Q: 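Can you keep this structure in mind? I'll have questions shortly.
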Amino acid sequence: MTPNGFPKSRLALALAVLVPLGVLGDALWIRLAPGSPPWQGLDDSWNDLVGGPADGLRWQLAQLLNRLGGEPGLALLAIAVVALLIARRWRSAVFACAAVAATSIAVDLVKRVGERPRPLDVMVDTGSWAFPSGHAARMAVFVVIVAVVWIPARHLRAWWPVAVFLTVLMMGARTWQHAHWLTDTVGGAAVGWAVAALVWRACTPLLDRERALREAVDAPPAEEPGAGGERLS
């Protein structure tokens, strides 16, 4: 198993740069118009539509995702990093840690810029500001890390729909518990995907080196001509 290379499309890199800037611009808009950004009507409508009693299968799923977006999720990441180190894939481990750290810094920065309050009917314990969603960002960066370091290249097309589904599932869970407005989760997912992509691009020399080394190890040994064999000139 070897790390995958960054997409060759220039659009991928352009989006990775522009999307976080767009989310930062939204945060500035929220700061300048607290409580009444232009998309507040959409957020209010969605907040009224979702949510329910704190029981049942949907609530338990939301609670599971709530926990995975916190310390238990970081513990799982630590286990994954240790597994990479045991497999002598320290370059992939560096990428994974850098992607998570960079995403956390970006989310915290944007939260401090926007200072958007959470919905008043939040149903779980929360901290810091609402925009963007840290849980959605962490799920987004997680699925990108998996794509880069664990999914074989031939299976990437099958993985991306799963990655989108998991990210949307986390977004839905956060709004189901009224921990975030809908656009908080959109912004969080966008930051997570984009920052992870930027770190992927920045770590390309490391990951390419790991891929080359592992492919060299896995390559079959070159056959040498036998003692009585003829050499082609």
Side-chain angles (χ1 to χ4, degrees), residues 1-24 27 65 67-113 127-128 131-153 155-156 159-160 162-164 166-167 170-171 185-215:
M1 189 177 298
T2 61
N4 291 303
F6 188 80
K8 295 181 180 180
S9 169
R10 294 182 179 180
L11 179 62
L13 181 58
L15 288 176
V17 173
L18 295 176
V19 166
L21 295 178
V23 175
L24 181 60
L65 291 169
R67 296 188 181 97
L68 287 177
E71 292 181 358
L74 293 177
L76 291 176
L77 173 66
I79 293 172
V81 168
V82 170
L84 288 171
L85 294 175
I86 292 174
R88 298 181 180 180
R89 298 184 61 189
W90 66 266
R91 295 171 180 85
S92 288
V94 167
F95 159 71
C97 293
V100 172
T103 301
S104 296
I105 292 172
V107 168
D108 186 64
L109 172 64
V110 179
K111 281 180 179 287
R112 292 175 183 272
V113 171
S128 74
F131 184 87
S133 166
H135 279 64
R138 282 187 286 275
M139 178 60 80
V141 72
F142 166 75
V143 297
V144 174
I145 290 172
V146 171
V148 175
V149 304
W150 278 299
I151 304 297
H155 296 319
L156 270 180
W159 169 250
W160 289 124
V162 177
V164 171
L166 292 174
T167 305
M170 177 63 84
M171 294 165 62
T185 63
V186 174
V191 168
W193 280 73
V195 172
L198 285 175
V199 176
W200 184 6
R201 180 65 180 83
C203 290
T204 289
L206 278 179
L207 298 174
D208 285 351
R209 177 61 175 167
E210 178 181 312
R211 183 167 58 255
L213 290 173
R214 295 184 72 86
E215 288 176 349

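Just so it is clear, the model here is predicted, and its values are computed rather than measured.
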Q: For Ile145, check side-chain contact (heavy atoms from CB on, under 4.5 Å) against everything at least two apart and list the hits.
A: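 Ile145 satisfies side-chain contact (heavy atoms from CB on, under 4.5 Å) with Phe95, Ala96, Ala99, Val100, Val141, Val149, Trp150 once adjacent residues are dropped.
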
Q: Restricting to side chain to side chain donor-acceptor pair (under 3.5 Å), what partner residues turn up for Trp200, sequence neighbours left out?
A: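 Partners of Trp200 under the side chain to side chain donor-acceptor pair (under 3.5 Å) test: none.
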
Q: Given side chains that start at C-beta, do those of Met139 and Leu65 come closer than 4.5 Å, heavy atoms only?
A: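 A side-chain contact under 4.5 Å exists here.
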
Q: Check whether any side-chain N or O of Trp193 sits under 3.5 Å from a backbone N or O of Val143 as a donor-acceptor pair, and report yes or no.
A: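 Side chain of Trp193 to backbone of Val143, a donor-acceptor pair under 3.5 Å: no, none is there.
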
Q: Search all heavy atoms of Val23 against all heavy atoms of Gly187 and return the closest pair with its distance.
A: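 Between these two residues, the closest heavy atoms are CG2-O, 4.0 Å.
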
Q: Distance check, rounded to the nearest 0.5 Å: Asp208 atom CG versus Thr2 atom OG1?
A: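 Output value for this atom pair is 10.0 Å.
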
Q: I need the Ile79 CD1 to Leu84 CG distance, nearest 0.5 Å.
A: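 Nearest 0.5 Å value for the CD1-CG distance: 12.5 Å.
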
Q: So, for Ser133 and Ala136, which heavy atoms are closest and what is the spacing to 0.1 Å?
A: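 Closest approach of Ser133 to Ala136: OG-N, 3.1 Å.
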
Q: For the residue pair Arg138 and Gly69, what are the closest heavy atoms and their distance?
A: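 Closest heavy-atom pair between Arg138 and Gly69: NE-O, 2.5 Å.
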
Q: Return the minimal non-hydrogen interatomic distance between Val107 and Ala137, and the atom names on each side.
A: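 So the minimum-distance heavy-atom pair works out to CG2-CB, 3.6 Å.
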
Q: Which residues pass the side chain to side chain donor-acceptor pair (under 3.5 Å) test with Arg112, not counting sequence neighbours?
A: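 Testing Arg112 for side chain to side chain donor-acceptor pair (under 3.5 Å), a comparison that skips the adjacent residues, returns Asp108.
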
Q: What's the shortest heavy-atom distance between Pro152 and Asn4, and which atoms?
A: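 For Pro152 and Asn4, the tightest heavy-atom pair comes out as C-OD1, 4.2 Å.
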
Q: How close do Phe6 and Thr204 get, counting heavy atoms only, and between which atoms?
A: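 Residues Phe6 and Thr204, closest heavy atoms: CB-OG1, 3.9 Å.
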
Q: List for me each residue that meets side chain to side chain donor-acceptor pair (under 3.5 Å) alongside Ser92, sequence neighbours excluded, and say none if there are none.
A: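 Checked Ser92 against side chain to side chain donor-acceptor pair (under 3.5 Å); matches are Arg89, Glu210.
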
Q: Nearest 0.5 angstrom please: Thr103 OG1 to Phe142 CZ, how far?
A: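 Between Thr103 OG1 and Phe142 CZ, I get 13.5 Å after rounding to 0.5 Å.
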
Q: Taking only residues two or more places apart in sequence or in another chain, which ones pass salt bridge (Lys or Arg N to Asp or Glu O under 4.0 Å) with Arg67?
A: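 Arg67: no salt bridge (Lys or Arg N to Asp or Glu O under 4.0 Å) contacts found.
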
Q: With Arg91, which residues qualify under side chain to side chain donor-acceptor pair (under 3.5 Å), at least two apart?
A: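 Per chain and number, Arg91 pairs via side chain to side chain donor-acceptor pair (under 3.5 Å) with no residue.
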
Q: Around atom CZ of Arg211, are there more than 12 heavy atoms of other residues, nucleotides or ligands at under 6.0 Å?
A: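 Result for CZ/Arg211: enclosed.
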
